[in-house]
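The shown structure was predicted, so the numbers you read here are calculated from the model rather than taken from an experiment. To find a chain, count down the sequence lines: A is the first, B the second, and so on, and within it residues start at 1.
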There are 2 protein chains.
Amino acid sequence: MRISDRRAGVTLRQVAEEAGVSIAAVSKVLHGRGDSVRVGEERAQAIRKVAERLNYVPNLSARQLRTNRTNTVGLLFENFGEISAGPQYYVHLLDGVASELFSRHYRLTILPEFDHHAPLQSLADGRVDGLIWCKLPGTPSFLDQFREFSLPCVALNAPPPQAAADGKVAFVSCDNNAGSWLVINHLVELGHRRILFALERREEDTPDARARLQGFFAACHQHGIWVGEEDVVTWSTDAQEFPAWWNQRTGHTAIYAWNERLGAEILRAADRIELRIPDQLSVVGFDSTQYCETTIPRLTAVNQPIREMSQYAAKILLDQIEGGSAERYSVIFPCTLDVRDSTAIAPRPHSIGELH
Amino acid sequence: MRISDRRAGVTLRQVAEEAGVSIAAVSKVLHGRGDSVRVGEERAQAIRKVAERLNYVPNLSARQLRTNRTNTVGLLFENFGEISAGPQYYVHLLDGVASELFSRHYRLTILPEFDHHAPLQSLADGRVDGLIWCKLPGTPSFLDQFREFSLPCVALNAPPPQAAADGKVAFVSCDNNAGSWLVINHLVELGHRRILFALERREEDTPDARARLQGFFAACHQHGIWVGEEDVVTWSTDAQEFPAWWNQRTGHTAIYAWNERLGAEILRAADRIELRIPDQLSVVGFDSTQYCETTIPRLTAVNQPIREMSQYAAKILLDQIEGGSAERYSVIFPCTLDVRDSTAIAPRPHSIGELH
DNA sequence: CTGAAAGCGCTTACAG
DNA sequence: CTGAAAGCGCTTACAG
């Protein structure tokens, strides 16, 4: 008796019956499967003819179950349904991943935001061959779980060092630390000596943010700039804290925002209180994309080669899936600084007074 | 004997053995499957305990095969690996589709560009429950094939009328025709009487382009503007034909570009030959997104609510998948015009001469 | 060279 | 209420 909710697809069996051969023979001819199976040219022709006539389409769910391979890679990043609002960064990331995957005949599945309460293992439900995980959480409890994770996975963006040392996961990131150096060098060259580092709430503990902050500290130190508590703030995404900060600042002439969007919001907030950027204040961001060309003034920002990075992440993931190699890779891409219109020579302390 | 390349996953059977119950009982308790199966509370508790201890993860490939449902929707549009280069339009489309899918616990699979030589049926290989097809081809031969297509499918962007009449496919689009009216009304109000419609090569036969062109004809006619062969051109994506056209134009004072990108490229091309937009020429585009804010000058463009459209497309697709209803919907969303800085009062013919 | 058969891990109609 | 069994559509080791 047939099960009711079945699709009316033509199966390998039907082709085999129609052609008067075994299922194995059809599988061999149509899909090239089965090393021990051999089929002569005439029979092969006949099989192909029947398959075409019946409009046979292989059921890939069945193949997946049998071979435990899906030819699909999962992509995991937060707030997927909001990429048009966020930094262009994510669009380049998608392009990089997709181009590599498609050229190697893989599909891309976007996974909904990871549920921190669900078991990590549920990602290994047989629907993807591997995972590209953007901003892999860095908390110890998560990493503990992650150690047991069975699916090939590449983390995009710097994980905490111990995960890398484990060799448990490949990771690809830009050199956030060096990026901060580029920013500070640039600002110092322009005469700035008091620089604020602005983090974003709920992003302040991401590996990226932490690495940029580290770089900020180190570079300031190198330039003999004293960095204290009042030089690092955590603001909301819309930088609403900016005006209050501006009124109580202690001699700062520049802000280094942890990403492009926060930088842009600071620009907007400054405009609202009629601050002139870059004359009165220099602003720098991170993740230099087309978006930074659209701000007023255009935002100076660190450029990370996100397309190349994400393409590379996809590449090593596929290599791992196909090679089955236990070997892990980790690559850090260098950054550059795109100097635009939001940075300028530091105003001298007394000239700030004049401008008020 | 075990097959070698098998993953080491815990199965329903193992849980059942460990708990001393039937597979059916475990399936019922853990997944809620099987209406005829009933399990008491104590046994259910025991089963859940064992499953947790063994770290059981259901194999969804197996479920897919059995139920012929994947809880995954495929998205098909061209040049996926290049969205960062293209109009922002596609990013909003992704957001709309993803937000609806995710909120209803579906996954989104991005399909590589459709191979026109492959059989259409191969999309129905059991890996997606339905399809959102952006810019469904409108050629007769394609539509012929499409008539036999077995997978639920929603077309985003206007298909040719006959496909709609068939009721064979649901479709969602904006009112391209009315969008053109908005453009022409705006330009006529500014005094323009000679308007060029610019198509893009390889896109000139898309339903969108054709509908916009229709609207252009109709609206011009309504305003008593004569439209001839010299008023419609097909240019390459970078608008390289623009300078030559400008030198040989026959009194045109405005260009209506079929989409935002071509509009932006015309702006750039005009800048290269030191034309002043909008003083010497008005330019309008279609698909008003953040991108139009970034051009110099900012591009006046028709705004289609692409996020809402794509979200709606996803919604009716899921309704169809879940309801199994044969009912098809078709919805046309209204457009609005975002007037920015690339349009102005038409220069009088002799003042054009002065400007040269 | 070829076919019959086992099995992937589930769901579900059916028999007890 | 519960379990044993068939079957989804493939792939592949094995026997002829």
* Asked: Given atom CD1 of A/Ile23 and atom P of D/dT11, what is their separation to the nearest angstrom?
  -> 11 Å
* To do: Confirm from the modelled atom types if B/Ser36 and C/dC14 form a donor-acceptor pair under 3.5 Å, side chain to base only.
  => yes
* Asked: Whole-Å distance between D/dG9 P and A/Arg63 CZ?
  -> 15 Å
* Asked: Where does DNA chain C pair, written as one dot-bracket string 5' to 3', with Watson-Crick or G-U pairs under 3.5 Å, ( ) inside the strand, [ ] for crossing pairs and | for another strand?
  -> |||.||||||||.|||
* To do: Give the rounded distance in Å between these two atoms: CD of A/Gln14 and P of D/dC8.
  => 10 Å
* Pairs satisfying salt bridge (Lys or Arg N to Asp or Glu O under 4.0 Å), at least one member in residues 90-113 of chain B, at least two apart -> A/Asp125-B/Arg107, B/Glu100-B/Arg104, B/Arg104-B/Asp319, B/Arg104-B/Glu322
* Sequence-distant partners of B/Asp35, salt bridge (Lys or Arg N to Asp or Glu O under 4.0 Å), two or more places apart -> none
* Asked: For D/dT2, does OP1 or OP2 lie under 4.0 Å from any side-chain N or O of B/Ser22?
  -> no
* Asked: Does A/Asp35 or A/Thr11 map to a spot on DNA chain D nearer the 5' end, using the closest nucleotide for each?
  -> A/Thr11
* **Main-chain N/O of A/Asn68 paired with A/Arg63 side-chain donor or acceptor, under 3.5 Å** => no
* Does B/His31 place a side-chain N or O at less than 4.0 Å from the phosphate oxygens OP1/OP2 of C/dT11? -> yes
* **Nearest-neighbour nucleotide for the B/Asn59 side chain, D/dG3, D/dG9, C/dC10 considered** => C/dC10
* **salt bridge (Lys or Arg N to Asp or Glu O under 4.0 Å) partners of B/Arg307, counting only residues at least two apart** => A/Glu82
* Structure fact -> From CG of B/Leu60 across to C1' of C/dT11 the rounded distance in Å is 13 Å
* Structure fact -> Residues passing the salt bridge (Lys or Arg N to Asp or Glu O under 4.0 Å) test with A/Asp115, sequence neighbours excluded, are none
* To do: Quickly work out the A/Glu17 CD to D/dC10 C1' distance and round it to whole Å.
  => 15 Å
* Asked: Phosphate oxygens OP1/OP2 of C/dT12: is one of them under 4.0 Å from a side-chain N or O of B/Arg33?
  -> yes
* Distance, rounded to the nearest Å, where B/Leu12 contributes CG and C/dT12 contributes C1' -> 13 Å
* To do: Would you jot down, in residue-number order, the residues of residues 37-49 of chain B having a non-hydrogen atom under 4.0 Å from DNA chain D?
  => B/Val37, B/Arg38, B/Val39, B/Gly40, B/Arg43
* To do: Please name all residues satisfying salt bridge (Lys or Arg N to Asp or Glu O under 4.0 Å) with A/Glu41, sequence neighbours left out, ordered by chain then number.
  => A/Arg48
* Structure fact -> Contacts satisfying ring pair (Phe, Tyr, Trp, His ring centres under 6.0 Å) that involve residues 12-52 of chain B (not counting sequence neighbours) are B/His31-B/Tyr56
* Structure fact -> When rounded to whole Å, the CG to P distance for the pair A/Leu65 and D/dG7 reads 17 Å
* Starting from P on D/dA13, measure out to NZ on A/Lys28 and report it in whole angstrom. => 12 Å
* Hey, could you give me each pair passing salt bridge (Lys or Arg N to Asp or Glu O under 4.0 Å) that has a residue in residues 12-25 of chain A? Not counting sequence neighbours. => A/Glu18-A/Arg53
* Between A/Ile132 and A/Leu156, which heavy-atom pair has the shortest distance, and what is it? -> CG2-CD2, 4.5 Å
